[in-house]
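I have placed the structure first, in the form of structure tokens, so that the comments after it can refer back to it.
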Amino acid sequence: MSPLSMKRMGRAALLVALSSLTPVTARAEATLRPAQCTVQGMLDDVRVAMKNGSLALKRYVKMRLKEAALAMPAESLLAALQGERDPEVLEALGAALATKASNAENPGLIQPLLARATGDSDPALRAAAVRGLRGVPSVEFMEKNGGVVTYEQLVRDASPEVRAAVADNIVSESADVYSGHDRRVSEAAVSVAAASEDPEVAAKLLREVSMEAVSHEAVEQVTRQLRSENPELRAAAATALGGVPGGESAGARGSLVDLFREDKDPAVRKAALQGIARLGQAHAVPVLESLRGVDRAMDAEIDAWVSVLKLNLQEWELVLREKQRRRR
């Protein structure tokens, strides 16, 4: 799908969301003064809603600002961005600016937001600036800005809030902007996980971002994470390897079999079995059966996977859902 088509779909989705908030809009009029189509007027409304409003009102004023920003002068938005010191308002303003940048196909507009993400002394404001990039093609924008600021750099921030915002952005971008089908975002997730010194953040990226289109080099990076000292990260890497392209499946399967045989952590072994099952589905049955007896405590898990795979369900989501149903 072309960036222009995605842009139009994004704007259409925003308009649908706004229209669905009609009851909220009516209630909002009792709280907010009449809408002012100026940056400062709308930011004042955002400020009031963030302080005293319901969740529905907060969503409404942020979406209204996004839609209005499409017609506002970029200079006014950038001027407001420079001086904003409230994290919630900065995030809303950043999201509006990022939406405008996406709609105008002008990635340079987010450069001041990236500057706040790296240069602000307040970690809450740095995190807010990062969160402002959620829901737009931020990985592409960073590349087009010459890589002056990257997620690999941001994920090394001293603040856990900033690091968590980086992971949330990439996960959201993969799922919500590209529906898991963008190689660039998937490979960014792998690179950022490798750059991170926070195992929880790295694990989230590998566990929750689709690996269906990654390169051989990215698969090798994920495979190296199987040797991490952190069991959560090893398990996440095993889960990720289960979703790699078909051409990488043989190598990934071998790595997961070795992991199951050698790793003593039960959660890691379970993740390895899931990865093996996903790579081969019905064809994985002989591999799984060969692992019986390696760890007697895992034999029931192997049997559960074998019984589900023998149903010959065609979609992995159906396989996973049936496995979870049986476990309950």
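Taken to the nearest 0.5 Å, the CG atom of Leu154 stands 7.0 Å off from the CG atom of Leu114. Atom CG in Asp258 sits 8.0 Å away from atom CZ in Arg261 (nearest 0.5 Å). Rounding to the nearest 0.5 Å gives a distance of 6.5 Å between CG of Leu113 and CG of Leu90. For the atom pair CG (Asn103) and CD (Glu67), the distance works out to 8.5 Å, reported to the nearest 0.5 Å. In this structure, the separation between OG on Ser191 and CG on Leu205 is 10.5 Å, given to the nearest 0.5 Å. The line from CZ of Arg183 to OG of Ser210 is 12.5 Å long, rounded to the nearest 0.5 Å.
Between the Asn145 side chain and the Pro107 main chain, a donor and an acceptor come within less than 3.5 Å of each other. Using modelled atom types, no side-chain atom of Arg278 and backbone atom of Val319 make a donor-acceptor pair closer than 3.5 Å. Here the side chain of Thr223 pairs a donor or acceptor atom with the backbone of Val219 at under 3.5 angstrom. Of the possible donor and acceptor atoms, one in the side chain of Arg234 sits under 3.5 Å from a partner among the backbone N and O of Ser228. Between the side chain of Ser290 and the main chain of Val287, a donor-acceptor pair closer than 3.5 Å is present. Looking at Asn312, its side chain never comes within 3.5 Å of a backbone N or O of Ala282 through a donor-acceptor pair. One N or O on the side chain of Lys100 and one on the backbone of Leu70 form a donor-acceptor pair closer than 3.5 Å. At distances below 3.5 Å, not a single donor-acceptor pair connects side-chain atoms of Thr150 with backbone N or O atoms of Gly147. A side-chain donor-acceptor contact under 3.5 Å links Ser249 to the backbone of Gly246. For Thr239 (side chain) and Ala271 (main-chain N/O), no donor-acceptor pair under 3.5 Å exists by modelled atom type.
We find that Lys264 and Asp295 are not joined by a salt bridge, their nearest charged nitrogen and carboxylate oxygen being 4.0 Å or further apart. A salt bridge links Glu232 and Arg207; the closest N-O separation between the charged side-chain nitrogens and carboxylate oxygens is under 4.0 Å. Note on Glu315 versus Arg321: no salt bridge recorded, every NZ/NE/NH1/NH2 to OD/OE distance being 4.0 Å or above. Using a 4.0 Å cut-off between charged nitrogen and carboxylate oxygen, Glu161 and Arg131 count as a salt-bridge pair. Salt bridge present: Lys144 and Glu140 bring a charged side-chain N and a carboxylate O closer than 4.0 Å. Between Arg163 and Asp198, at least one side-chain nitrogen of the basic residue sits less than 4.0 Å from a carboxylate oxygen of the acidic one, meeting the salt-bridge criterion. In this structure, Arg134 does not pair ionically with Asp176, as no charged nitrogen and carboxylate oxygen lie closer than 4.0 Å. With respect to Arg184 and Glu143, a salt bridge is recorded, a charged nitrogen being found less than 4.0 Å from a carboxylate O.
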- Message: The test is side chain to side chain contact (heavy atoms under 4.5 Å, CB included); show your working for Glu173 and Val209 and say whether it passes.
- Response: CA-CA 9 Å; Glu173 185 166 339; Val209 174; over 6 Å; no
- Message: The test is side chain to side chain donor-acceptor pair (under 3.5 Å); show your working for Asp44 and Gln40 and say whether it passes.
- Response: CA-CA 6 Å; Asp44 287 345; Gln40 196 55 54; 3.2 Å; yes
- Message: Assess the residue pair Lys204 and Asp168 against the criterion (salt bridge (Lys or Arg N to Asp or Glu O under 4.0 Å)); give the C-alpha distance rounded to whole Å, side-chain angles, the decisive distance to 0.1 Å, and a yes or no.
- Response: CA-CA 9 Å; Lys204 179 181 178 71; Asp168 288 343; 3.6 Å; yes
- From CA spacing to verdict: side chain to side chain contact (heavy atoms under 4.5 Å, CB included), Asp86, Val46: CA-CA 11 Å; Asp86 183 302; Val46 171; over 6 Å; no
- Task: Please report the C-alpha distance between Ser138 and Tyr151 in whole Å, then the side-chain angles of each, then the deciding distance to 0.1 Å, and finally whether the side chain to side chain contact (heavy atoms under 4.5 Å, CB included) criterion is met.
- Result: CA-CA 9 Å; Ser138 58; Tyr151 277 132; 2.8 Å; yes
- side chain to side chain contact (heavy atoms under 4.5 Å, CB included) between Met42 and Met72: does it pass, once the steps are laid out? CA-CA 11 Å; Met42 298 199 108; Met72 287 177 171; 3.5 Å; yes
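Side-chain contact between Leu233 and Glu200: absent, with no pair of heavy atoms (C-beta onward) separated by less than 4.5 Å. Put simply, the side chain of Leu256 reaches to within 4.5 Å of the side chain of Leu279, judged on heavy atoms. At least one side-chain heavy atom of Phe260 sits less than 4.5 Å from a side-chain heavy atom of Ile302. Side chains of Phe141 and Ser102 form a contact here, defined as non-hydrogen atoms less than 4.5 Å apart. Looking at Met298 and Leu291, their side chains never come closer than 4.5 Å, going by heavy atoms from C-beta outward. Contact annotation: the side chain of Ser196 never approaches that of Arg156 to less than 4.5 Å [non-hydrogen atoms, C-beta and beyond]. Side-chain contact between Leu241 and Val244 is present, with at least one heavy-atom pair separated by less than 4.5 Å. Counting heavy atoms from C-beta on, the side chains of Val214 and Pro245 come closer than 4.5 Å.
Heavy atoms of other residues, nucleotides or ligands lying less than 6.0 angstrom from CD of Gln281 number more than 12. Atom CD of Gln324 has more than 12 heavy atoms from other residues, nucleotides or ligands within 6.0 Å.
For the residue pair Ser172 and Gly135, the shortest heavy atom distance occurs at OG-N, 4.3 Å. Residue Val155 comes nearest to Glu152 through the heavy atom pair CG1-O, 3.4 Å, listed as atom of the first residue, atom of the second, then distance. The heavy-atom pair separating Glu84 from Leu125 by the smallest distance is O-CD2, 4.4 Å. Gln225 and Ala193 make their closest contact through NE2-O, 3.6 Å (heavy atoms, listed as atom of the first residue, atom of the second, distance). Summarising the geometry of Arg126 relative to Ser159, their closest heavy-atom pair is NH2-CB, 3.9 Å, with the distance given to 0.1 Å. Residues Leu259 and Ala272 come closest through the heavy atom pair CD2-CB, 4.0 Å.
Among the candidates Arg296, Arg269, Lys323, the single residue satisfying the salt bridge (Lys or Arg N to Asp or Glu O under 4.0 Å) test with Glu301 is Lys323. The side-chain contact (heavy atoms from CB on, under 4.5 Å) test with Leu97 is passed by exactly one of Leu78, Leu65, Leu133: Leu78.
Donor-acceptor pairing under 3.5 Å is recorded for the side chains of Ser215 and Glu187.
Residues meeting the side chain to side chain contact (heavy atoms under 4.5 Å, CB included) test with Glu322, sequence neighbours left out: Val308, Leu311, Leu313, Arg325, Arg326.
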